[in-house]
Number of protein chains: 2
Amino acid sequence: MNVPNYPCHVGNVQQAVERLGRTLEDGGIPRMPARVFAYLLAEDRDHCTAAELAAALQVSPAAISGAVRYLIHNGLIIKDRRPSARGDLYRLVDGDVWGAMITARLPQMDHYLESLDKAVALLEPGSPGRARFEETRDCFALAREATADLAERWARHHDAHTR
Amino acid sequence: MNVPNYPCHVGNVQQAVERLGRTLEDGGIPRMPARVFAYLLAEDRDHCTAAELAAALQVSPAAISGAVRYLIHNGLIIKDRRPSARGDLYRLVDGDVWGAMITARLPQMDHYLESLDKAVALLEPGSPGRARFEETRDCFALAREATADLAERWARHHDAHTR
DNA sequence: CGGCACGTTCACGATGTCATGAATCCGGCC
DNA sequence: GGCCGGATTCATGACATCGTGAACGTGCCG
């Protein structure tokens, strides 16, 4: 039913991976890490070798190397260096991946808030410009709170669904 | 007290603008539009010409042209083409800029959700991979809700402060 | 009506990012 | 101990992005 030699029949999995990959890209994650992460999410087996990832995503092993370094550094995946095996295994971090991702945003937003506070302090008190900057800072502060709320809500949702 | 010929004494305003500019950049807004927007926020006068922006931000008029096109297209600023004057005026959009910005994210997140639903549908029902994708979609759904809540909370905050 | 200032557009050049391919390194295996 | 598959690193090249400079178009002034 499908031409037997091109990425249309290789599996719905690929399509799903590319979909999530593009979404994560829009969220700021570089292309290749996003694809690797999406693939690990979609793959039924809970661990993959670098070679499997390279084959599945149609890229060179070098690209995988860079991508997994990014993902490990950001605490999204884990390298299981099992003894007595040629290939290292990569798998998703245990527990609540998305919760960790949300929580990781909080200190970042704190940094933004700190920077905006300094920016406000640089402006003439009482001036319209300063008022607008204060408004901006307040908005970011509220956004931070919203993110904290999301983290809590997601934690509850996650607990409820993982029993 | 400061060397009289370099961007350290030109004014605290510049520093504040660059600070907010970098923050907005991290939020996904391209560099130049971010700087222009930050400057319009910080500037006490409520409108600027393109030439003024170019001078203040130390860039060519061409760069300003591209930046304002981006900002106008995204509904953040307005071009006041006043009759009988050499220069067009740019100013912030009326009312609640940040509220508009937050609200603008909602349809975008709806798009993501829609895409993730399709991705889930592509995966084998009952498989671990599909379960993880469903979890992902649920997380995005909660994030969307959190954004909607933020929009509402900010609207209240904004109303309260602008009387 | 001629000049002029302002804004816009286009092609060029610089910059940074990213995936590739080749060389290197590390570890099991015969 | 010597191969060999797998993974990592580095330098090259492609690609996209972005700001500049020069040319064009436009609308006020003198």
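Residue numbering restarts at 1 for every chain, and letters A, B, ... go by the order of the sequence lines. Predicted model only: the values in this text are computed from it and were never measured.
The residue from Tyr70(B), Trp98(B), Tyr90(B) that alone fulfils the ring pair (Phe, Tyr, Trp, His ring centres under 6.0 Å) condition with Phe37(B) is Trp98(B).
Summarising the geometry, the separation between CD on Glu25(A) and P on dA16(D) is reported as 14 Å, rounded to the nearest angstrom. The CG atom of Leu53(A) sits 13 Å away from the C1' atom of dG6(D) (whole-angstrom rounding). Atom CE of Met32(A) and atom P of dA14(D) are 18 Å apart (whole Å). Nucleotide dG6(D) holds its C1' atom 12 Å from the CD atom of Glu52(A), rounded to whole Å. For the pair Lys79(B) NZ and dT26(D) P, the interatomic distance rounds to 14 Å; values are reported in whole Å.
One finds a salt bridge joining Glu145(B) and Arg153(A) here, because a Lys/Arg side-chain nitrogen approaches an Asp/Glu carboxylate oxygen to under 4.0 Å. Under the 4.0 Å criterion applied to side-chain N and carboxylate O atoms, Glu25(B) and Arg35(B) are not assigned as salt-bridge partners.
For Asp46(A), there are no salt bridge (Lys or Arg N to Asp or Glu O under 4.0 Å) partners, not counting sequence neighbours.
Nearest heavy-atom pair across Ala16(A) and Phe133(B) is O-CE2, 3.6 Å.
For the segment residues 61-76 of chain A, residues with any heavy atom less than 4.0 angstrom from an atom of DNA chain C are, sorted by number, Ala62(A), Ala63(A).
Ring geometry for Trp154(B) against His157(B) counts as parallel: the plane angle stays under 30°, on a 0 to 90° scale with 60° as the upper cut.
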